[in-house]
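Before any comments, here is the structure.
Just so you know, residue 1 is the first one in the sequence shown, and it goes up from there. Fair warning: this is a prediction, and the values are worked out from it, not measured in the lab.
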Amino acid sequence: MYRERVSRVPDAVLWWSTSPGASPGASPGASPGTGAAERRVLPDGCMDVIWADGALLVAGPDTAAHVVTDRPGARYVGLRFGPGTGPLVFGVPAHELRDRRVPLAELWPGAEARRLTERAGEAADAGPWLGAVLEEEAARRLGRAPRRVDAALVGAVVTGVRAGLPVARIAADTGVGERRLHRRCLDAFGYGPRTLGRILRMNRAVDLARGGTPPATVAAVAGYADQAHLSREVRSLTGVTLGALIR
């Protein structure tokens with residue numbers, strides 16, 4: 001079971017996930033049963049902080065689907081930051097965490113990571129307050145973060161790639177050269193604008209397909225050359241077919 005809501009933190013989503021087999025009333029981090037189940041987390045240009053099994057992890061931006069093996073009863077609470085926001089919270093360029101899952105303690109000073117982990121553990125035991133703890137800390141860090149990532153440039157790149165604009169046009173519109181734009185995108189998103197565009201377009205296509213739109217229409221609306229192009233891109237980024245994703 002998965003659910004989410006818009007976070008009080010700008011450009012973020014708070015989410016909860018429980019794998020099948022959880023005991024009623026079990027708190028996040030409770031010991032799960034035996035066995036395992038696989039799920040596929042699609043790349044989306046985002047970064048997350050995740051409470052899992054009593055620890056805080058950071059999920060960096062993925063370039064392909066990340067396959068997670070969940071034990072029955074595993075419960076997670078996460079705060080997902082939109083493209084370009086995560087580096088300000090975690091204090092490192094996005095490309096350093098590309099395709100990685102690392103303990104929060106590897107990124108923050110030990111005392112800060114321990115303090116948040118302890119608060120998260122107490123909130124997890126108390127019920128639904130864990131998400132609020134994560135939001136409060138993220139908002140605090142965003143408020144004091146040095147502006148390593150240019151918010152206007154980030155917004156322009158996301159808007160441009162979603163509109164299918166060529167990288168040269170995006171660079172011209174933002175007033176930077178293509179090579180400099182690529183470097184700044186690595187810091188903000190973990191990869192260059194072309195890869196970001198492929199990932200965001202694929203996510204739009206999957207959302208359309210899950211909503212019942214026929215594949216041929218999905219390809220046309222999402223900006224693919226044809227249905228075969230859509231199929232190749234989905235398989236390249238997720239490892240499975242579009243049909244398998246929406247079943």
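I246 and V67 fall into different hydrophobic clusters, where Ile, Leu, Val, Met, Phe, Trp and Tyr side chains are chained together by heavy-atom contacts under 4.5 Å. Follow the hydrophobic side-chain contacts under 4.5 Å out from V41 and you never reach L57; the two are in separate clusters. A continuous path of Ile, Leu, Val, Met, Phe, Trp and Tyr side chains, each step under 4.5 Å between heavy atoms, connects V102 with L79, placing both in one hydrophobic cluster. Following chains of ILVMFWY side-chain contacts shorter than 4.5 Å, one can reach L107 starting from L88, so the two form part of one hydrophobic cluster.
Scanning all heavy atoms of the two residues, the minimum distance from P61 to G190 falls at CG-CA, 3.9 Å. For the pair V9 and E135, the tightest heavy-atom approach, listed with the atom from each and the gap, is CG2-O, 3.4 Å. The two residues W16 and V77 come nearest to each other via the heavy atoms CD1-CG2, 3.6 Å. Closest of all the heavy-atom pairs between I199 and G45 is CG2-N, 3.9 Å. Taking all atoms of both residues into account, the shortest heavy-atom contact from V133 to A120 is CG1-N, 4.2 Å. C185 and G192 get closest at one heavy-atom pair: CB-CA, 4.1 Å.
Between D187 and R183 there is no salt bridge, since no side-chain nitrogen of the basic residue lies less than 4.0 Å from a carboxylate oxygen of the acidic one. In this structure, E122 does not pair ionically with R119, as no charged nitrogen and carboxylate oxygen lie closer than 4.0 Å. The pair R101-D62 counts as a salt bridge, with a side-chain nitrogen and a carboxylate oxygen less than 4.0 angstrom apart.
A heavy-atom distance below 4.5 Å is found between the side chains of Y191 and L196. Between R98 and L186 the shortest side-chain heavy-atom distance falls below 4.5 Å. With contacts defined as side-chain heavy-atom distances shorter than 4.5 Å, the pair T85/L142 qualifies. Between D173 and L165 the shortest side-chain heavy-atom distance falls below 4.5 Å. Considering only heavy atoms from C-beta on, L245 comes within 4.5 Å of L42 through its side chain. Using a 4.5 Å cut-off on side-chain heavy atoms (C-beta onward), V218 and L230 make contact. Contact check for V234 versus T241: no side-chain heavy atoms found under the 4.5 Å cut-off.
When the shell of 6.0 Å around CZ of R179 is examined, it contains 12 or fewer heavy atoms from other residues, nucleotides or ligands. By the neighbour-count criterion of 12 heavy atoms within 6.0 Å, atom CZ of R194 is sparsely surrounded, having that number or fewer from other residues, nucleotides or ligands.
Judged by distance alone, the side chain of R40 and the main-chain N or O of A65 form no donor-acceptor pair under 3.5 Å. S19 contributes a side-chain N or O that, together with a main-chain N or O of R71, makes up a donor-acceptor pair within less than 3.5 Å. A donor-acceptor pair under 3.5 Å is formed between the side chain of N203 and the backbone N or O of P43. Of the possible polar contacts, none joining the E4 side chain to the V13 backbone as a donor-acceptor pair under 3.5 Å is found. No side-chain donor-acceptor contact under 3.5 Å links T174 to the backbone of L153. Between the S236 side chain and the R232 main chain, no donor and acceptor come within less than 3.5 Å of each other. Of the possible polar contacts, one joining the D44 side chain to the C46 backbone as a donor-acceptor pair under 3.5 Å is found. With R141 contributing its side chain and V89 its backbone, the two residues share a donor-acceptor pair below 3.5 Å.
L200 contributes atom CG, which lies 8.5 Å from atom CZ of F189 (distance to the nearest 0.5 angstrom). Rounding to the nearest 0.5 Å places CZ of R115 at 9.5 Å from CD of E118. Rounding to the nearest 0.5 Å places CG of L56 at 10.0 Å from CD of E137. Summarising the geometry, atom CD belonging to E112 is positioned 5.5 Å from atom CZ belonging to R140; distances are rounded to the nearest 0.5 Å. Annotation: the span from L237 atom CG to R198 atom CZ amounts to 4.5 Å, rounded to 0.5 Å. Atom CD1 of I50 sits about 11.0 Å away from atom CE of M47, to the nearest 0.5 Å.
Classified by interplanar angle (parallel below 30°, tilted 30° to 60°, perpendicular above 60°), the ring pair Y76/W15 is tilted. Ring geometry, W108 versus F90: the interplanar angle falls from 30° to 60°, so the pair is classed tilted.
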Would V221 and T213 count as a side-chain contact (heavy atoms from CB on, under 4.5 Å) here? Give the steps. CA-CA 10 Å; V221 171; T213 304; 5.7 Å; no
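Stacking of R201 on the aromatic ring of Y224 is recorded, both the 6.0 Å distance cut-off and the 45° axial limit being met.
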